[in-house]
Novice: 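Below are the structure tokens for one structure; questions will follow.
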Amino acid sequence: MIDIKLLRQDPQRFIDGAAAKRIEVDIPALLADEARLLEAQRELQELRTIQNSAGKKIAKLSGQEKAAAIAEMKQAKDRAKAVEDIIAQLEPKVAGLLLQVPLPPDPAVPRGQTSDDNVEVRRWNPPWFDTARPFAANKGFQPRTHIELGEMLGLLDIPRGVRMSGSRSYVLWGRLAQLHQAVLRLAFDFMVNQQGFTPVSVPVLVRDNVLVGTGFFPFGREQVYQIKETDRGGSQDLYVTGTGEAGLMGLHQDEILDGDSLPRRYVTVSTCFRREAGAAGKDTAGIYRIHQFDKVEQVVVCKNSVEESNKYHEEILANAEAVLKAFELPYRIVVVCTGDLGRGQAKKYDIETWMPSRKNYCETHSASKFYEFQARRMNLRYKETATKKNLFCHTLNNTVIASPRVLIPIMELYQNADGTITVPKVLRPYMGGKERIG
RNA sequence: GGAGAGGUGGCUGAGUGGCUGAAAGCGACGGUUUGCUAAACCGUUGUAGGGGAUCAAACCCCUACCUCGGGUUCGAAUCCCGACCUCUCCGCCA
């Protein structure tokens, strides 16, 4: 959520920002409604002042004087009632509209329409694989896809996954299931042991307000699995989170943190669920776009400072890169263009890892910077030590690793001519020393 | 699932219709005292919105908030209804 005061001061900035993000929102209507609401609130406040002072008088009066004062007070009450009705009508309207206003992108973010307009900032290759050359030139044989490899080895079982749970479901068997865990463990341990992030285990079942707070709702409702507890007498429905970010951000909802305790740097590993509504027919093969996966996610909650936000944005990006480098997977960083940015994001880096079967770099990570946007929705503040003022925090998040998607480049890049898969060196300690699968 | 009890400020806890944004204690912060520490003493100490003053802050005024929503009343932390949440006991299950 953006600051309504800033919107009043400089509406054009927000109108331009929404246009750059290709998001429709009627800002003039919002401002008009908000002005009417403010006026009504001011009037109500005046009426309350009258009521309050009259109330105190009445307590001291008696007889006819008292009766007269009471009659007068009744008038003020009736007028107040009318104004209250106006407020009751406008307030939800204004709040709903305000929730829709996007955070303007950083000025330096490249303007563009779709992900095709994202701008590459750098790429990295391990010594043994150059993405500029074909696979066969790098490894001396024609590659198989991760699906072919997985089926050949009997480790990736899509039919049984589909039988149990429908499309976009899968089963990992044996050493592939172990590799999946190894990837997560390494990433999690790296964040905790090397980077000093606080490990947290959070709910993946959350209430509506957590997802409104993180900015997924109200627009992402159809992407989220819903547990209809209200149908069976429950007080609230629950939602199954699509990322650990939700639980980590929800941690400090409605809190005022001690400024000296910032930044808070959290990491969690959680199973993530996504409906993938509207993605029918897209990426249907294999384990690229699936309904359930596991992800190590990092979140930073820092002070209300653009410099700090920028610093931690680079830091969480570097953390993810460090893990990919440890895996020796070729990747590139892109800056996501304005048209491809989410409503709440000021700037976003995607990390795209090379996938031979797709002959392209494909998104495996997404590092977002929100400034106050999420914190306002979450009502997440801190007390600044020097001024004792309560300020909204800044928040950022990034994937550390998401699996099984990252198993695609691992399987395909580490495959051997005979269809076996070499285990990346850093993962072997998590695989009981195993060097090769199959 | 059955039966009870209860939700007041950072915390503990008083308060059954106007003088209560809320006693008292604790904690925190500032100060005095002190060789240092501790103790003692004095003072300050919620949040949000609006208005005024100001270059800006400090500052001043108003309004709202005693879980939430409705109701009664001229007036509600206090009375009534509903919701939500917490705790205890029993049962059931992991």
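If you're wondering where the values come from, they're calculated on a predicted model, not measured in any experiment. Letters A, B, ... mirror the listed sequences (proteins, then strands); counts begin at 1.
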Novice: Touch check for Leu44(A), heavy atoms < 4.0 angstrom, all strands: base, sugar-phosphate only, or nothing?
Specialist: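 If one applies the 4.0 Å heavy-atom cut-off, Leu44(A) turns out to touch nothing in the nucleic acid.
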Novice: Can you tell me how far P in U67(B) sits from the matching atom in G35(B), rounded to whole Å?
Specialist: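 Taking atom P in both U67(B) and G35(B), they lie 49 Å apart.
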Novice: Between C68(B) and A23(B), how many Å separate the two C1' atoms, rounded to a whole number?
Specialist: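 Their C1' atoms lie roughly 26 Å apart.
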Novice: With a 4.0 Å cut-off on heavy atoms, is Lys383(A) in touch with a base, just the backbone sugar-phosphate, or nothing at all?
Specialist: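 Sugar-phosphate: the residue Lys383(A), judged by heavy atoms under 4.0 Å, touches backbone atoms but no base.
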Novice: Looking at Lys389(A), does any N or O in its side chain come under 4.0 Å of the phosphate oxygens OP1/OP2 on U47(B)?
Specialist: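 Answer no for this pair, as no side-chain N or O of Lys389(A) is under 4.0 Å from OP1 or OP2.
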Novice: Respond yes when some side-chain nitrogen or oxygen of Arg42(A) is under 4.0 Å from OP1 or OP2 of G51(B), and no when none is.
Specialist: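 Answer is yes, contact under 4.0 Å.
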Novice: Could you check whether any side-chain N or O of Asn304(A) sits under 3.5 Å from a backbone N or O of Cys393(A), counting only pairs where one atom can act as donor and the other as acceptor?
Specialist: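 Between the backbone of Cys393(A) and the side chain of Asn304(A) there is no qualifying donor-acceptor contact (under 3.5 Å).
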Novice: Think Arg381(A) has a side-chain N or O under 4.0 angstrom from the OP1 or OP2 of A48(B)?
Specialist: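 So the side-chain polar atoms of Arg381(A) do come within 4.0 Å of the phosphate oxygens OP1 or OP2 of A48(B), strictly under.
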Novice: Among C74(B), U63(B), G50(B), find the nucleotide with the atom closest to the side chain of Thr49(A).
Specialist: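 Nearest listed nucleotide: U63(B).
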Novice: Verify whether one side chain among Arg377(A) and Gln374(A) offers a donor that lies under 3.5 Å from an acceptor in the other.
Specialist: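 Looking only at side-chain atoms, Gln374(A) and Arg377(A) do not form any donor-acceptor pair under 3.5 Å.
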Novice: Does atom CD of Glu222(A) have more than 12 heavy-atom neighbours, drawn from other residues, nucleotides or ligands, at distances under 6.0 Å?
Specialist: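 Counting other residues, nucleotides and ligands, CD of Glu222(A) exceeds 12 neighbours.
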Novice: Look at all strands and tell whether Lys56(A) reaches a base, only sugar-phosphate, or nothing, counting heavy atoms closer than 4.0 Å.
Specialist: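 Result for Lys56(A) = nothing.
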Novice: Reckon Arg207(A) has a side-chain N or O less than 4.0 Å from the OP1 or OP2 of C85(B)?
Specialist: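 Arg207(A) to C85(B) OP1/OP2: side-chain N or O found under 4.0 Å.
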Novice: Parallel, tilted or perpendicular: which describes the rings of His394(A) and Tyr371(A), with under 30° parallel and over 60° perpendicular?
Specialist: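 Judged by the thresholds at 30° and 60°, the geometry between His394(A) and Tyr371(A) is tilted.
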Novice: Evaluate the side chain to side chain donor-acceptor pair (under 3.5 Å) criterion for residues Gln45(A) and Arg48(A): first the C-alpha distance (whole Å), next the side-chain angles of each, then the deciding distance (0.1 Å), finally the verdict.
Specialist: CA-CA 5 Å; Gln45(A) 189 176 310; Arg48(A) 290 272 185 256; over 6 Å; no
Novice: What is the base-pairing partner of G9(B), counting Watson-Crick and G-U wobble geometry with both distances under 3.5 Å?
Specialist: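 When the pairing criteria are applied, nothing turns out to pair with G9(B), so the answer is none.
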Novice: Between Asn390(A) and U47(B), does any side-chain N or O lie under 4.0 Å from OP1 or OP2?
Specialist: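 Looking at the OP1 and OP2 atoms of U47(B), one of them is under 4.0 Å from a side-chain N or O of Asn390(A).
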Novice: Within the structure, does a side-chain N or O atom of Asn52(A) lie under 4.0 Å from either OP1 or OP2 of G75(B)?
Specialist: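 So the side chain of Asn52(A) is outside the cut-off, no N or O lying under 4.0 Å from OP1 or OP2 of G75(B).
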Novice: Donor-acceptor pair under 3.5 Å: do we get one between Gln51(A)'s side chain and the base of G75(B)?
Specialist: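 Side chain to base: no pair present.
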